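Here is the structure we will look at.
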Amino acid sequence: MDLNKLTIKKAKEGLKRKDFSSVELTKACQKAIKQTDHKLNVFITLTEDEAIKNAEKADKLIASGQDLPLLGIPIALKDMFSTKGIETTAGSNVLKGYIPPYDATVVTKLKNAGAIIIGKTNQDAWAHGSSGENSDFSPTKNPWNPEYVPGGSSSGSAVAVAINMALAATGTDTGGSIRLPASFTNTVGLKPTYGRVSRYGIVAMASSHDSIGHFTKTVEDSAIFLGVTAGKDEKDATASDLEVPDYTKNLQNRIKTLRIGVDPEFHSKHIESESVSLLAKAYNTIKNLLESDIVPDISLPHSKHATACYYIIQPSEVSSNLSRYDGIRYGNGRKNFGQEAKRRIILGTHALSSGYYDQYYNKASQVRTMLINDFKKVFENVDAIIAPVSPTPPWKLGEKVDDPLKMYLSDIFTVTANLTGLPALSIPIGFTKNGLPVGMQIIAPHFSEEILFQIGHAFEQATQNEDWRQKEPNL
Ligand code: GLN
């Protein structure tokens, strides 16, 4: 078997048994990159020899009996994550050539856990987008069909994991940027609770929404990864000091007794029909795993306003965060901002301007509170909610890029978790007749990532022998 196809769990076992070395594992990933990156445009920067040097160090540590959660595991980082000495662009020409003098806290934690960073992945500039096409470094393509988008904004990270260029990859999710590309590439994508993972050193998009997560091949790997990245950080006051549980510990046990509700949007007429049948089938599988056949009725009366609310508050925060890139600190001037960044700066500045502030920003903030209250109420009766990720499967490159409103509407099912700060997991549930992946979302109360993993893992186990699970991209 190709080593790069292993999960983190299996790779760790193999490394421990000395079946292969971290250098061999890292080289297998680098080979996959050499073979297909020119077709899909996944990476902006590769660490090449540096990765091999670090893998050699990891092999020495393994030989000496060290056991760290990600020791010797090759991973990729979205180019939003500051990496000391490695160019970090956020997908934008504004930051081209910028070499951070420090690591983001998450990067430090990943390094301390023994992970090998093999490169920085492509993304929509500043993480603005749902398709990857807003990248100033050309779009990433979907490995399941390169004429289609892989979802964005964490497009490169999703694809890197989908075609085994890395065993896992980090992403950021401000309105769906992990979950959407995960569902478009047949990978597992986690958006943790707001504040579960430090944002320090990660290029800010919309600070009250930004959630730092990751892509993996399995739910169990996602649990392993979160165990490394989660936790308090003295450099980020919004990073929670709640204890980080061992997320892998109770994966097997609890699904039977969980009460799982279905987002009313599940039956939304906006969802394309093939996705509807895949979602229904996946939900049935989950229902069969539960003890009770009572499906709790849930109502989320304000979720229909979520997208409008998000596209007021988010650009407001974007306009504030991007004002620092004025050419004084990072060399390149404002002229390098692309269309989408300019659009958001203008929208946000308008929504925050005196006279409009109450009408837009304040109103949207009030709706946000109503949404939070909707979910609080729902979680009095259920442990988790099942929801769609995207109204459609992946679309063709170029199809929506000139119509921002159409693009924004692809976020209708993902933005609620960001407005409310809730954790959400996107898991693969199958393929359309055209061979394009579809995902499903699980949402749980704040800091209940364990529940997401329990449900996701149980679903994975229940479907592991189904035909679609054996599919591989054919490039
Ligand atoms: N597609 C959404 C947007 O463009 C979400 C982006 C994100 O999560 N970074 O705002």
Side-chain angles (χ1 to χ4, degrees), residues 78-81 89-92 121-135 139-140 149-158 169-184 189-192 194 197 199 202-215 306-322 337-348 351 364 368 389-392 394-395 399-426 439 441:
K78 185 178 185 180
D79 216 11
M80 293 286 264
F81 289 65
T89 67
S92 166
T121 59
N122 199 2
Q123 58 164 97
D124 285 296
W126 309 108
H128 302 165
S130 312
S131 67
E133 291 162 291
N134 291 333
S135 168
T140 299
V149 301
S153 65
S154 313
S155 43
S157 282
T170 62
T172 60
D173 191 313
T174 302
S177 278
I178 291 175
R179 288 160 288 153
L180 196 76
S183 77
F184 282 13
L190 174 72
K191 174 230 172 278
Y194 180 79
V197 177
R199 291 179 292 118
I202 292 157
V203 178
M205 180 178 160
S207 306
S208 77
H209 302 69
D210 294 348
S211 178
I212 312 309
H214 46 264
F215 298 86
T307 318
C309 180
Y310 171 81
Y311 275 99
I312 291 171
I313 303 178
Q314 169 265 116
S316 302
E317 295 183 12
V318 163
S319 71
S320 161
N321 276 327
L322 288 187
F337 279 126
Q339 288 294 330
E340 188 56 35
K342 283 186 197 153
R343 186 176 295 121
R344 293 186 193 217
I345 293 169
I346 292 167
L347 274 173
R368 183 180 199 174
V389 181
S390 163
T392 67
W395 55 87
E399 204 175 301
K400 296 188 187 181
V401 77
D402 296 323
D403 188 342
L405 275 184
K406 246 192 195 168
M407 191 72 91
Y408 297 168
L409 282 175
S410 55
D411 305 329
I412 53 172
F413 302 131
T414 48
V415 293
T416 29
N418 301 83
L419 287 163
T420 53
L422 293 166
L425 183 74
S426 172
Q441 203 178 177

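Because the structure is predicted, anything quoted here is derived from the model rather than measured. In each ligand, atom 1 is the first atom listed, and ligand 1 is the first ligand listed.
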Quick one: look up the protein heavy atom nearest atom 9 (N) of ligand 1 and list residue, atom name and how far away it is. Ser177 OG, 2.7 Å
Heavy-atom contacts with Met205 under 4.0 Å: which atoms of ligand 1 show up? List them by number with element. 9 (N), 10 (O)
Need the ligand 1 atom indices (1-based, order shown) with element for anything under 4.0 Å from a heavy-atom of Ala127. 6 (C), 7 (C), 9 (N)
Is there a polar contact between ligand 1 and Tyr310, counting only N or O atoms under 3.5 Å apart? yes
Are Asn418 and Arg179 close enough that a side-chain donor and a side-chain acceptor fall under 3.5 Å? yes
Has Gln441 got a side-chain atom pairing as donor or acceptor with Phe413's backbone, closer than 3.5 angstrom? yes
Can you find an N or O of His128 that's nearer than 3.5 Å to an N or O of ligand 1? no
Apply side chain to side chain contact (heavy atoms under 4.5 Å, CB included) to residues Met205 and Val318 and explain how you reach the verdict. CA-CA 6 Å; Met205 180 178 160; Val318 163; 3.9 Å; yes
Contact summary for Phe81 and Thr172, nearest pair of heavy atoms: CE1-CG2, 3.8 Å
With a cut-off of 4.0 Å, which atoms of ligand 1 are near a heavy atom of Gly129? 1 (N), 2 (C), 3 (C), 4 (O), 6 (C)
Residue pair Gln123 / Ser135: nearest heavy atoms and the distance that separates them: O-CB, 2.9 Å
How far is atom 2 (C) of ligand 1 from the closest protein heavy atom, and which atom is that? Asp411 OD2, 3.1 Å
Which of the atoms in ligand 1, numbered in the order shown and given with their element, are less than 4.0 Å from a heavy-atom of Gly175? 5 (C), 7 (C), 8 (O)
State, with a plain yes or no, whether a side-chain heavy atom of Ser155 is found less than 4.5 Å away from one of Pro150. yes
Quick note on ligand 1: atoms under 4.0 Å from a heavy atom of Gln314 include exactly 10 (O)
Check: Asp79/Thr89 side-chain N/O donor and acceptor closer than 3.5 Å: yes
Part of Thr174 with heavy atoms under 4.0 Å of ligand 1, whether side chain, backbone, both or neither: both
Min heavy-atom dist Tyr311 to ligand 1 below 4.0 Å: yes
Arg344 heavy atom under 4.0 Å from ligand 1: yes
Using a strict 4.0 Å cut-off to heavy atoms of Asp173, name the atoms of ligand 1 that fall inside it. 8 (O)
Of all heavy-atom pairs linking Ser157 and Lys78, the shortest is OG-N, 3.6 Å
Report, in ascending order of atom number, the atoms of ligand 1 lying under 4.0 Å from any heavy atom of Ser153. 9 (N)
Cut-off 3.5 Å, side chains only: do Ser153 and Asn134 have a donor facing an acceptor? no
